[in-house]
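These notes concern the structure reproduced below.
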There are 2 protein chains.
Amino acid sequence: MTARAAAHAHTSHNHRACIDDALATARELCATRGVQLTPLREKVLHIVWRSHKPMGAYEVLDELARSHKAARPPTVYRALDFLMAEGLIHKIESLNAYLGCIEAGAPHSGQFLICQKCGATEEIVDPKLETALEAAARRAHFQPVRKVVEISGLCARCGK
Amino acid sequence: MTARAAAHAHTSHNHRACIDDALATARELCATRGVQLTPLREKVLHIVWRSHKPMGAYEVLDELARSHKAARPPTVYRALDFLMAEGLIHKIESLNAYLGCIEAGAPHSGQFLICQKCGATEEIVDPKLETALEAAARRAHFQPVRKVVEISGLCARCGK
DNA sequence: GCTCTTGTTGTTATGTTGTACCATCCGCAT
DNA sequence: ATGCGGATGGTACAACATAACAACAAGAGC
Ligand SMILES: [Zn+2]
Ligand SMILES: [Zn+2]
Ligand SMILES: [Zn+2]
Ligand SMILES: [Zn+2]
């Protein structure tokens with residue numbers, strides 16, 4: 001398990017390591033796949049990774065525009081679409097926001113614990129939950145393609 | 001199990017029975033709770049129940065406006081908010097759309113199988129999946145409040 | 001009857017999220 | 001040099017959702 005994956009979103013940790021790890025992994029993956037992690041896309045990935053709270057596209061845009069005057073909505077959405085296609089970020093559907101993936105390279109839809117109080121969102125990888133999802137679909141003769149699992153509530157720290 | 005709950009979204013069935021059942025259940029529940037299922041709200045519920053495909057708020061608005069000239073976005077969103085609060089419909093987060101609940105009266109967040117080809121969306125009630133969600137949250141010391149589960153893919157009919 | 005309160009609906013305007021479409025630029029292969 | 005495909009620039013607009021205040025209707029208490 002990487003330092004990044006070991007860190008929990010709601011706990012204090014060396015977040016610089018999260019970012020560095022995420023960017024390094026992204027560069028490796030894109031190089032291997034022969035796709036371009038351009039400076040613009042890397043910048044957007046960096047912005048999304050600034051926290052463990054899902055970030056809205058227009059928040060990303062505001063941040064990006066500070067150093068990139070030409071930034072417009074399509075600029076951001078194209079970068080986000082690329083990063084999602086490469087499995088480097090996830091979209092949190094219930095928030096219309098985006099979050100860095102902690103398991104980039106391993107194709108998955110993502111399972112999330114979203115704290116309603118502090119906003120911190122932790123991506124979990126739970127094989128039993130995955131199995132239960134597959135079983136539920138199978139029971140209905142349904143072929144799953146994308147599985148959205150977003151649990152909102154109170155994180156360990158806020159729920160005390 | 002009611003006739004409504006027994007019907008699968010992707011199969012042909014007597015859909016009038018779905019609607020009648022849903023409206024009757026809604027009237028009972030609201031009467032019991034002492035909340036007002038007004039003609040407007042009932043009309044919106046009826047519109048949402050016209051199919052087993054999640055319906056966007058503006059689609060509902062277009063339909064509603066045919067018989068209710070004063071209808072505006074807030075008209076529809078207020079009715080949808082009421083119906084959600086009473087557990088009569090669900091919002092499908094990954095589609096920004098709304099769907100009638102097949103188990104109104106039993107508080108739950110809903111679990112959905114969304115066909116990407118035909119659009120039919122089936123609400124399932126899977127205790128094992130529910131257990132797995134609870135367990136995953138517990139493992140992270142997370143207190144779940146709302147659980148969004150939306151599996152997109154191909155339904156039994158379209159996946160053949 | 002009156003009026004206070006609460007809940008519902010009417011109405012206008014605006015905020016937020018996401019795309020369509022075409023132009024331009026750049027690296028690379030022919 | 002020419003053409004091609006991928007990436008970005010830039011304008012406009014579509015789709016989804018809410019804020020804020022006015023109007024109205026029904027029941028409770030006087
Ligand atoms: Zn971190
Ligand atoms: Zn992930
Ligand atoms: Zn039906
Ligand atoms: Zn339901």
Side-chain angles (χ1 to χ4, degrees), chain A residues 26-27 29-31 33-48 53-86 88-99 119 148 150, chain B residues 26-27 29-31 33-48 53-86 88-99 119 148 150:
Chain A
R27 281 186 284 257
L29 275 175
C30 290
R33 293 171 181 170
V35 297
Q36 304 178 49
L37 185 63
T38 62
L40 178 60
R41 290 165 173 174
E42 185 169 331
K43 177 70 179 172
V44 168
L45 181 59
H46 192 277
I47 290 171
V48 169
K53 301 181 187 181
M55 203 165 183
Y58 279 69
E59 283 181 84
V60 174
L61 175 55
D62 288 345
E63 191 59 37
L64 179 62
R66 298 165 70 90
S67 63
H68 189 92
K69 298 293 186 184
R72 298 285 182 279
T75 315
V76 167
Y77 279 103
R78 283 190 295 232
L80 292 173
D81 287 346
F82 170 85
L83 295 170
M84 280 193 289
E86 297 302 324
L88 300 171
I89 63 173
H90 294 287
K91 179 175 186 183
I92 307 299
E93 296 288 354
S94 57
L95 298 176
N96 293 321
Y98 305 82
L99 185 68
V148 173
E150 300 174 8
Chain B
R27 281 187 282 256
L29 275 176
C30 290
R33 293 170 181 171
V35 297
Q36 303 178 48
L37 185 63
T38 61
L40 178 60
R41 290 165 173 173
E42 185 168 331
K43 177 70 180 173
V44 168
L45 180 59
H46 192 278
I47 290 170
V48 169
K53 300 181 187 181
M55 204 167 182
Y58 279 69
E59 282 181 86
V60 174
L61 175 56
D62 288 345
E63 192 59 37
L64 179 63
R66 299 167 70 90
S67 63
H68 189 91
K69 296 293 185 183
R72 298 285 182 279
T75 314
V76 167
Y77 280 103
R78 284 191 293 231
L80 292 173
D81 287 347
F82 170 85
L83 296 170
M84 279 193 287
E86 297 303 323
L88 300 171
I89 64 173
H90 294 286
K91 180 175 184 182
I92 307 300
E93 295 288 354
S94 58
L95 297 176
N96 293 320
Y98 304 82
L99 185 67
V148 173
E150 300 173 7

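Protein chains get the first letters and strands the later ones, always in sequence-line order, with residue 1 at the start of each.
- When every heavy atom of A:K69 is checked against every heavy atom of A:R72, the shortest pair comes out as O-NH1, 3.3 Å.
- No side-chain heavy atom of B:K91 sits under 4.5 Å from any side-chain heavy atom of B:L99.
- Checking C:dG18, C:dG10, D:dT8 against every side-chain atom of A:R41, the shortest atom distance belongs to D:dT8.
- For the pair B:L37 and B:F82, the minimum side-chain heavy-atom distance is below 4.5 Å.
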Discussion item. Working note: B:I47 + B:K43, criterion side-chain contact (heavy atoms from CB on, under 4.5 Å); need CA distance, chi angles, decisive distance, verdict.
Written reply: CA-CA 6 Å; B:I47 290 170; B:K43 177 70 180 173; 4.2 Å; yes
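- Among the atoms of the strands shown, none is found under 4.0 Å from any heavy atom of A:K69.
- At the phosphate of D:dA17, OP1 or OP2 sits under 4.0 Å from a side-chain N or O atom of B:K91.
- The shortest heavy-atom contact between B:L88 and B:C30 is CD1-SG, 4.2 Å.
- Whole-Å rounding puts the A:L37 CG to D:dG6 P distance at 17 Å.
- Remark: the backbone N or O of B:I92 is not paired with any side-chain donor or acceptor of B:E150 at under 3.5 angstrom.
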Worksheet item: Where do B:V35 and B:L29 land on the side-chain contact (heavy atoms from CB on, under 4.5 Å) test, with the steps shown first?
Response: CA-CA 9 Å; B:V35 297; B:L29 275 176; over 6 Å; no
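- Note on the helix from C:dG1-D:dC30 to C:dT30-D:dA1: angle between the axes of the first and last five pairs equals 10°, rounded to 10 degrees.
- Put simply, the side chain of A:Y98 reaches to within 4.5 Å of the side chain of A:M84, judged on heavy atoms.
- Between A:A26 and A:L45, the closest heavy-atom pair is CB-CD2, 3.5 Å.
- Taking side-chain N and O atoms only, A:Q36 has no distance below 4.0 Å to OP1 or OP2 of D:dG6.
- Atom CG in A:L95 sits roughly 13 Å away from atom P in D:dA17 (whole-Å rounding).
- Protein atom CZ of B:R72 is 19 Å distant from nucleotide atom P of D:dA19, rounded to whole Å.
- In this structure, B:L64 atom CG and C:dT9 atom P are separated by 11 Å, rounded to whole Å.
- Between B:H68 and C:dT9 there is no side-chain polar atom (N or O) within less than 4.0 angstrom of OP1 or OP2.
- The base of C:dG18 sits with one of its N or O atoms less than 3.5 Å from a complementary donor or acceptor on the side chain of A:Y58.
- Distance B:I92 CD1 to D:dC16 P: 14 Å, rounded to the nearest Å.
- Proximity of residues 73-85 of chain A to DNA chain D (heavy atom under 4.0 angstrom from any strand atom) is restricted to A:P74, A:T75, A:R78.
- Between D:dA15 and B:N96, no contact under 4.0 Å exists linking OP1 or OP2 to a side-chain N or O.
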